[in-house]
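These values consider heavy atoms only, across backbone and side chains, with no hydrogens, waters or symmetry-generated copies. Residue numbers start from 1 in every chain, and the chains themselves are labelled A, B, ... in the order their sequence lines are given, proteins ahead of strands. Given the structure is predicted, the values throughout are model-derived calculations rather than measurements.
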There are 2 protein chains.
Amino acid sequence: MKIKTTVASSTFCNLARQKQQAIVKEMVREFAAQGYKKASINTIVKNLGIAKGSLYQYFKNKETMFYFVFEQFIRLVKDSIKQGVSLDDKADFFVQVRKVMETALNFVDRYPDYFQIYLQILFEHDVPRRRELLAQVRLFSRDYFGPLCLAAREQGRIRDDVSPAMLIFVLDGIIDRLLQDYVRPLVDSSLELQKMGLKERTGGIDEIIKILRDGFRG
Amino acid sequence: MKIKTTVASSTFCNLARQKQQAIVKEMVREFAAQGYKKASINTIVKNLGIAKGSLYQYFKNKETMFYFVFEQFIRLVKDSIKQGVSLDDKADFFVQVRKVMETALNFVDRYPDYFQIYLQILFEHDVPRRRELLAQVRLFSRDYFGPLCLAAREQGRIRDDVSPAMLIFVLDGIIDRLLQDYVRPLVDSSLELQKMGLKERTGGIDEIIKILRDGFRG
DNA sequence: CGGTTATATGACCACCTGGTCACATCATGA
DNA sequence: TCATGATGTGACCAGGTGGTCATATAACCG
């Protein structure tokens with residue numbers, strides 16, 4: 001099974017699978033840790049033990065390397081969505097939100113570095129073709145949550161004194177926080193889900209859903 | 001009134017107020033836009049129209065410049081808290097949360113670049129003395145929300161099947177999102193509070209509080 | 001084997017970085 | 001007016017950046 005890409009050279013595509021994977025892994029690691037601009041090609045080749053010229057035979061330039069990695073990220077996301085979630089208008093809204101949270105958590109659990117790269121793109125304003133890249137991602141938010149939220153509201157599962165924009169804002173915010181907390185816990189307010197087993201994790205998500213549904217009031 | 005700092009040179013402190021402010025403003029702008037490592041001293045001096053050597057007579061090195069700016073940030077935060085909020089155990093919990101949100105929003109409205117610098121520190125893992133800096137900030141979160149949340153729970157204003165950690169996690173997450181959305185709206189899920197007048201903004205916050213209190217259920 | 005093409009290499013380039021310092025300019029006070 | 005100390009300056013440094021390319025090595029095939 002050949003690797004799918006629109007930007008890597010044929011030389012790279014014909015590389016031994018093992019070497020290929022090592023290169024991808026190291027590029028992902030470096031871009032995840034440093035973002036686009038701060039990422040160092042010298043560091044990448046040093047860690048791989050290959051010459052810089054070699055890397056530049058595989059990819060035209062730094063921007064292409066980044067885009068290649070991003071391509072892989074998009075592919076993984078799409079695969080995860082296909083496998084993990086099936087939109088079902090009839091199911092309870094909060095059950096569906098729950099499913100989305102679990103799918104998203106599974107993704108960042110499996111591919112934390114790829115998720116970090118996504119965060120880097122969100123945060124770094126001078127990433128090449130940033131707008132275009134982000135437009136490709138709007139997964140949990142627009143393509144997914146948008147329709148889900150609108151449907152839920154029309155079906156009366158959501159109080160009608162809450163605007164759709166606000167619903168999306170809060171849900172998206174909570175999920176984002178959940179994922180970021182998973183890969184990069186802050187000292188102050190962490191659920192530490194990444195330290196838990198599957199069962200506790202499920203319990204944590206349950207609690208969040210409960211809050212979203214019924215609020216904090218005692 | 002002399003500027004308060006523990007790191008700037010006396011030469012800088014004796015500078016004409018106007019020049020001083022211009023320098024502070026430009027450093028804040030650059031660090032806010034680029035973070036610590038990517039920030040360029042050459043850019044700063046070019047934009048200011050002064051020699052690099054001059055800047056290095058005001059501050060020992062880049063790290064000192066960054067710390068100086070951070071010092072100012074902390075000062076502004078403390079002032080804002082003093083003015084904006086008074087902890088009141090007897091007031092309704094959600095009313096207090098509301099007050100915190102408004103105070104925080106006012107801060108990022110007045111000092112968006114300083115808030116950006118805070119975000120940069122949160123996100124950039126190789127900022128010098130990062131842990132120490134972040135420890136000084138835990139404002140809305142630990143020093144503030146922690147006691148508030150615990151008190152609210154003990155007084156039964158919060159449902160007792162929600163853990164304190166979860167309460168802090170969700171509140172902190174929502175506020176964080178609110179502030180980030182204010183200075184750096186995402187295309188997909190933005191409330192666009194920054195485009196609104198004071199009244200609409202108040203309405204937006206009200207809606208959030210309502211959701212936190214009673215949840216989304218229709 | 002020889003010949004030809006594909007891959008690997010690292011010295012090298014121009015450019016930028018944070019930082020220095022000998023020197024120029026200015027202000028002050030006698 | 002002149003001397004002294006404070007302030008301003010930018011050429012310069014070592015080190016890092018993304019990127020190139022002539023050359024060396026390997027792989028393949030007749």
Side-chain angles (χ1 to χ4, degrees), chain A residues 2-3 5 7-24 26-27 29-31 33-70 120 124 126-129, chain B residues 2-3 5 7-24 26-27 29-31 33-70 120 124 126-129:
Chain A
K2 271 196 180 175
I3 194 165
T5 169
V7 289
S9 73
S10 60
T11 305
F12 177 77
C13 294
N14 293 332
L15 243 44
R17 205 72 77 239
Q18 204 175 354
K19 189 170 182 180
Q20 231 178 53
Q21 282 174 359
I23 292 172
V24 175
E26 171 61 20
M27 290 197 301
R29 190 207 55 74
E30 177 71 3
F31 281 124
Q34 306 293 345
Y36 175 74
K37 199 175 182 183
K38 281 198 294 182
S40 160
I41 270 81
N42 288 323
T43 299
I44 292 174
V45 297
K46 204 178 295 172
N47 286 346
L48 284 170
I50 66 174
K52 191 167 14 173
S54 299
L55 198 55
Y56 275 90
Q57 291 215 7
Y58 307 148
F59 305 97
K60 190 177 142 214
N61 50 31
K62 191 183 186 180
E63 185 177 332
T64 300
M65 294 175 206
F66 191 70
Y67 191 81
F68 167 82
V69 164
F70 181 80
Q120 295 276 10
E124 215 176 337
D126 52 0
V127 174
R129 305 161 74 188
Chain B
K2 271 197 182 177
I3 194 166
T5 169
V7 289
S9 73
S10 59
T11 305
F12 177 77
C13 294
N14 293 331
L15 243 43
R17 207 70 78 239
Q18 203 175 354
K19 189 170 183 179
Q20 231 179 53
Q21 282 174 1
I23 291 172
V24 174
E26 171 60 20
M27 290 197 301
R29 189 209 56 75
E30 177 70 3
F31 281 124
Q34 306 292 344
Y36 175 74
K37 198 175 182 184
K38 282 198 294 181
S40 161
I41 270 82
N42 289 323
T43 299
I44 291 174
V45 297
K46 202 178 296 172
N47 286 346
L48 284 171
I50 65 174
K52 192 165 14 172
S54 298
L55 198 55
Y56 276 90
Q57 291 216 5
Y58 308 148
F59 305 97
K60 190 178 141 216
N61 51 29
K62 192 183 186 181
E63 184 177 334
T64 300
M65 294 175 205
F66 190 71
Y67 191 81
F68 167 82
V69 164
F70 180 80
Q120 295 276 9
E124 215 175 339
D126 50 0
V127 174
R129 307 160 74 186

For DNA chain D, the residues among residues 55-65 of chain B that have a non-hydrogen atom under 4.0 Å from it: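 Heavy-atom contacts with DNA chain D come from B/Gln57, B/Tyr58.
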Over all atoms of both residues, closest heavy-atom pair of [X] and [Y]:
X	Y	result
A/Asn61	A/Tyr56	CA-CE2, 3.8 Å
A/Met65	A/Phe59	CG-CB, 3.5 Å
A/Ile50	A/Lys19	CG2-CE, 4.3 Å
A/Ala22	A/Leu48	O-CD2, 3.5 Å
A/Gln20	A/Asn14	NE2-N, 4.3 Å
B/Arg29	B/Thr43	NH2-CG2, 4.1 Å

Whole angstroms only, please: what is the [atom1]-[atom2] distance between [X] and [N]?
X	N	atom1	atom2	result
A/Ile23	C/dT7	CD1	P	13 Å
A/Leu48	C/dA8	CG	C1'	14 Å
B/Gln34	C/dG18	CD	P	11 Å
A/Asn14	C/dT5	CG	P	18 Å
A/Asn42	C/dT9	CG	P	15 Å

Does a side-chain N or O from A/Lys19 land closer than 4.0 Å to OP1 or OP2 of C/dA8, or not? yes
On the 0 to 90° scale, with breaks at 30° and 60°, tag the B/Phe68-B/Phe12 ring pair as parallel, tilted or perpendicular.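 B/Phe68 and B/Phe12: perpendicular rings.
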Applying a 4.0 Å non-hydrogen cut-off, can you work out what B/Ser54 is touching in the nucleic acid: base, sugar-phosphate, or nothing?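 It contacts base atoms.
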Students should find this one: the first and last nucleotides of DNA chain D, 5' to 3', lying under 4.0 Å from a heavy atom of chain A. What are they? D/dT17 to D/dC21
Evaluate A/Val45 against A/Ser54 for side-chain contact (heavy atoms from CB on, under 4.5 Å), listing each step before the verdict. CA-CA 9 Å; A/Val45 297; A/Ser54 299; over 6 Å; no
